J.: 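Dropping the structure in here first, questions after.
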Amino acid sequence: MTVRVRIAPSPTGNLHIGTARTAVFNWLFARHHGGTFVLRIEDTDLERSKPEFTNNIMEGLKWLGLNWDEGPFFQSQRLELYGQKIQELLDKGLAYRAYDTPEELDAMREAQKSTSEAPGYDNRHRNLTAEQQAAYEAEGRTAVIRFKIESDREISWNDLVHGTMTWKGQDLGGDMVIARAASATSIGQPLYNFVVVVDDIDMAISHVIRGEDHIANTPKQILLYEALGVPVPEFGHTPLILNEQGAKLSKRDGVTSIADFQKMGYVAPGLVNYMTLLGWSPPDSTQEIFILEDAAQHFTFDRVNKAGAKFDWDKLTWLNSQYLHPMPVGELTDLLIPYWQADYEFDWTGDRPWLEQVTALIGASLTRLDDAVAMTRYLFVADAPINEEGAKKLQQEGCADVIKGIAAAIPNYSPLTETNAPDLIKQVAKDLGRKEGQLKPILRVAFTGETKGPDLIQSWLLLNHRGWDGDRLQAALKIAK
Ligand code: GLU
């Protein structure tokens, strides 16, 4: 089987999670069959299409690792072909010019409503005479081109996800508009359902894999394939992505574009792994962590769910952490720098080894890259505050003595190291007649401003490297008892 699939986004917004997940399934299917994955930019809506969205879509696909084999093809550059194909349908008598005004169409709809008829065009301009057409033209009316849909037709296809789907011609809303702003001499501006078919034919697409929201377009498109005299491809409609409440995931749910997820600190392999599981499950359902290439080996449509896929933030975040934790320190540091840079002043080129130590300290606790910002505030902000819980801790009797004792001992332990820092704590504990375990929580608050956090000695050493540990002790002393 020669497999050729495509992703066909409209550049009217940033790359959406739904489009990206459809791209994932297309990519997996293409790779599984050694086929070809085509990128087509559906920019026929000139008002809403923007080059920055095209860039965002292409960057997003690349970032996710969904590399395409052909394209990008731009529909806006293919208008000549669409014109030829519309002319072909006109010549065959399968399409015609209709001259109804918006007011006439509204009146028709109102009449249908009052008699509880299904809404749709009643095909009233199907058989206009040349004289009638000329009269409408003379009135200055613009035309649309309509493709004939016979109401007694039955259209069936075997959907890769949903099985047999059957539609009746009478439910398709009457003869369908395939171009607007036409005239007696021009075919005007071709519309989505038509250009998609022309392109899928021209690009020899074997399997049309797209979101379930396109199901209602498929019977119309199948009729167009027939009219253009070519075989109909396979169709597979992938389940929608739903929010926690079971409604379609939308802008109201906060983040929906891939760029948003990226900003939030999800890494591409984690996000793409999660998207693969949104509606598909591998044959070994215990296997949750895989890269695209592995998933491609096992990807078949009989394991794609019909039901909508609920978006599970916890699972996404957990998967993300599975990619962050084993990441080499250098690579993780590169990914964290932009997050730190956005919030903190620091000489970003000057102290790479220190930055890598910071990464090593927190790497295992990260679930998202942006977690790093709050976790390391005490290392980037000279006067990082002590939080409420920390302040409460310092108000317990005896904290001031501990802090004074540590501050006094530091000069004798210079340079401070991984080995002598614990000795210093031990010695001060002994001098104060207290247990080491009692000193550490106090020091943690003094150094980091918090009662919980990563390894205390490492945190101290990193702070000491910046020359800030003494100041922190003095600041803590101001509120300690
Ligand atoms: N351009 C359409 C969209 O962005 C996709 C068309 C298709 O896949 O057939 O929803």
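Both counts, for ligands and for their atoms, begin at 1 and track the order of listing. All figures in this text were calculated on a predicted structure; none of them were measured in a lab.
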J.: Would you mind listing which atoms of ligand 1 come within a distance below 4.0 Å of any non-hydrogen atom of Glu42?
T.: 1 (N), 2 (C), 5 (C), 6 (C)

J.: Please state whether Arg6 comes within less than 4.0 angstrom of ligand 1, counting heavy atoms only.
T.: yes

J.: Could you tell me whether a side-chain N or O of His207 sits under 3.5 Å from a main-chain N or O of Val5, the two making a donor and an acceptor?
T.: no

J.: I'd like to check the salt bridge (charged side-chain N to carboxylate O under 4.0 Å, His left out) partners of Arg109; sequence neighbours left out, ordered by chain and number.
T.: Asp106

J.: Going by ring pair (Phe, Tyr, Trp, His ring centres under 6.0 Å), Phe261 matches just one of Trp313, Trp63, Tyr274. Which one?
T.: Trp313

J.: Could you find the nearest protein heavy atom to atom 6 (C) of ligand 1 and give me its residue, atom name and distance?
T.: Tyr192 OH, 3.3 Å

J.: Give the residue and atom name of whichever protein heavy atom lies nearest to atom 10 (O) of ligand 1, and the separation in Å to one decimal.
T.: His214 NE2, 2.9 Å

J.: Taking the basic N atoms (NZ, or NE/NH1/NH2) and the acidic carboxylate oxygens, is any pair closer than 4.0 Å for Glu356 and Arg352?
T.: yes

J.: Are the ring centres of Phe290 and Phe299 closer than 6.0 Å?
T.: no

J.: With nothing but distance in play, are any N or O atoms of Ala8 less than 3.5 Å from an N or O of ligand 1?
T.: yes

